[in-house]
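Notes follow once the structure below has been shown.
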Amino acid sequence: PAGMTIASQSAATVEVWLRGSDFVFDSINLGSLVARCNLAAAHEGVNAIRVQPEVFQLPLGLTVEGIAPREVSVRLTTSPPPRSAR
């Protein structure tokens with residue numbers, strides 16, 4: 001949310017087990033796989049964020065079979081106001 005900063009999180013990475021054909025796996029770069037979680041409703045302090053299959057932007061032909069951890073804790077703090085240039 002505006003005015004908030006991520007101060008800490010319980011995990012820097014999430015393991016994901018995927019299912020798909022060999023053709024799909026051979027034609028994509030799994031290193032570019034990203035999970036995006038919406039923190040718009042988060043509040044200052046610790047927030048538990050569920051990691052659902054829908055947070056992964058997967059190419060057609062891949063499905064999520066497992067995720068670990070299933071929940072990530074994110075601690076938000078109020079951001080200091082920007083300094084004015086003098």
Donor-acceptor pairs under 3.5 angstrom involving side-chain atoms of residues 48-62: please list them, not counting sequence neighbours.
none

(request) Indicate, with yes or no, if Val34 and Val72 share a hydrophobic cluster defined by side-chain heavy-atom contacts under 4.5 Å among Ile, Leu, Val, Met, Phe, Trp and Tyr. (result)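 No: no chain of side-chain contacts under 4.5 Å links Val72 to Val34.
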(message) Starting from Val24, can I reach Leu30 by hopping between I/L/V/M/F/W/Y residues whose side chains sit under 4.5 Å apart?
(response)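 Looking at the clustering, Val24 is in the same group as Leu30.
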(request) Look up atom CD1 in Ile28 and atom CZ in Phe23, then write down how far apart they are to the nearest 0.5 Å. (result)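 Here the rounded value is 11.0 Å.
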(message) Return the CZ to CD1 distance between Arg75 and Ile6, rounded to the nearest 0.5 Å.
(response)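 Going from CZ on Arg75 over to CD1 on Ile6, the span is 11.5 Å.
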(request) Looking only at non-hydrogen atoms, find the nearest pair between Ala7 and Thr77 and report the distance. (result)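 Shortest heavy-atom contact: CB-CG2, 3.6 Å.
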(message) Can you give me the closest heavy-atom contact between Pro1 and Ala42, atom names plus distance?
(response)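 Looking at all heavy atoms of both residues, the shortest contact is CG-O, 3.5 Å.
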(message) Can you confirm whether more than 12 heavy atoms, excluding those of Arg70, are under 6.0 Å from its CZ atom?
(response)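 Enclosed.
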(request) Answer whether the closest heavy-atom distance between the side chains of Val46 and Val74 falls below 4.5 Å. (result)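 Result no, sub-4.5 Å side-chain heavy-atom pair not found.
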(request) May I ask you to test the Val64-Leu18 pair for a side-chain heavy-atom distance under 4.5 Å? (result)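 Answer yes - side chains close enough.
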(message) Run the side chain to side chain donor-acceptor pair (under 3.5 Å) test against Glu44 and tell me which residues pass, sequence neighbours left out.
(response)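 In terms of side chain to side chain donor-acceptor pair (under 3.5 Å), with neighbours along the sequence ignored, Glu44 is linked to Thr78.
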